[in-house]
Amino acid sequence: MRHLTADGLAAFLRLHPHAKVLDVRFAYEREAWRIPGDHHVPWYTPDWKPNPAFLSQALRYLSPDDYVLVICHNGDRSCDAAALLEAAGFKHVYNVLGGYTDIREAWHGDISAGRHAVPVHHH
């Protein structure tokens, strides 16, 4: 698995405009901030147990040949989720170090600037 910093995110998405963004946070965490066009598959169930359906749910949105950015709140859950995707045969998995905590700091909490800095396109 490869790692990206929040500062490197916009440049990565310019290089890989069809990359898919996988948000592994809880649903309530997404209310504050998310990347438009992302896919949501929580790493944990609401009672903090590993989501047993994580891989099957992720496969609804992603294929092993996709470039996949995995993001959570601070980079811990996304690292675990990215490792599982890689073990399942995904070839281009990127964990976003620092997660949304660092993304918001890098963009000074300006969601509108973040939306323009990270254009997410889908085929």
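Starting from 1, each residue takes its place in the sequence as its number.
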Subject >> Which residues share a ring-ring contact (aromatic ring centres under 6.0 Å, His included) with Phe54, sequence neighbours left out >> reply: Trp43
**OP:** Heavy atoms only: give me the nearest Ala82-Val70 pair and the separation to one decimal.
**Re:** CB-CG2, 4.1 Å
Subject >> Sub-4.5 Å side-chain heavy-atom contact between Tyr61 and Lys20 >> reply: no
Original post:
In the hydrophobic cluster built from side-chain contacts under 4.5 Å, what are the other members alongside Leu97?
Top reply: none
**OP:** Treating Ile, Leu, Val, Met, Phe, Trp and Tyr as nodes and any side-chain heavy-atom pair under 4.5 angstrom as an edge, say whether Ile35 and Tyr28 lie in one connected cluster.
**Re:** no
Original post:
Would you say Leu22 and Phe26 are hydrophobically clustered, going by side-chain heavy atoms of ILVMFWY under 4.5 Å?
Top reply: yes
**OP:** Applying side chain to side chain contact (heavy atoms under 4.5 Å, CB included), run through Ile103 and Ile71 and close with a yes or a no.
**Re:** CA-CA 10 Å; Ile103 291 169; Ile71 305 179; 4.2 Å; yes
**OP:** With sequence neighbours left out, write down each residue that passes side-chain contact (heavy atoms from CB on, under 4.5 Å) with Ala27, or none if nothing qualifies.
**Re:** His40
Original post:
Taking only residues two or more places apart in sequence, or in another chain, which ones meet Asp102 in a side chain to side chain donor-acceptor pair (under 3.5 Å)?
Top reply: none
Original post:
Looking at CG of Leu9 and CZ of Arg14, how far apart are the two atoms once the value is rounded to the nearest 0.5 Å?
Top reply: 10.0 Å
**OP:** Among Ile, Leu, Val, Met, Phe, Trp and Tyr joined by side-chain contacts under 4.5 Å, find the other residues sharing a cluster with Leu15 and list them by chain and number.
**Re:** none
Subject >> Side chain to side chain, Arg34 and Arg25, heavy atoms closer than 4.5 Å >> reply: yes
**OP:** Could you check whether the rings of His16 and Phe12 sit parallel, tilted or perpendicular, using 30° and 60° as the cut-offs?
**Re:** tilted
Original post:
Could you give the distance from CG (Leu62) to CG (Leu55), rounded to the nearest 0.5 Å?
Top reply: 9.5 Å
**OP:** Say whether Leu4 and Trp33 are linked into one hydrophobic cluster, either directly or through other cluster members, by side-chain heavy-atom distances under 4.5 angstrom.
**Re:** yes
Subject >> Inter- and intrachain pairs under side chain to side chain donor-acceptor pair (under 3.5 Å), touching residues 49-58, at least two apart >> reply: Asn51-Gln57
Original post:
Mind checking what makes side-chain contact (heavy atoms from CB on, under 4.5 Å) contact with Asn74, not counting sequence neighbours?
Top reply: Cys72, Asp76, Thr101
Original post:
Can a salt bridge be assigned to the pair Asp23 and Arg30 using a cut-off of 4.0 Å between side-chain N and carboxylate O?
Top reply: yes
Please tabulate, for side-chain N and O atoms in residues 84-96, each donor-acceptor pair with protein atoms closer than 3.5 Å (sequence neighbours left out).
residue : atom : partner : partner atom : Å
Glu86   : OE1  : Met1    : N            : 2.7
Glu86   : OE2  : Met1    : N            : 2.5
Lys91   : NZ   : Asp65   : OD1          : 2.5
Asn95   : OD1  : Ser78   : OG           : 2.4
Asn95   : OD1  : Cys79   : N            : 3.3
Asn95   : ND2  : His3    : ND1          : 3.2

Subject >> Any donor-acceptor pair under 3.5 Å from Asp80 side chain to Arg77 backbone >> reply: no
Subject >> side chain to side chain donor-acceptor pair (under 3.5 Å) partners of Thr45, counting only residues at least two apart >> reply: Asp47
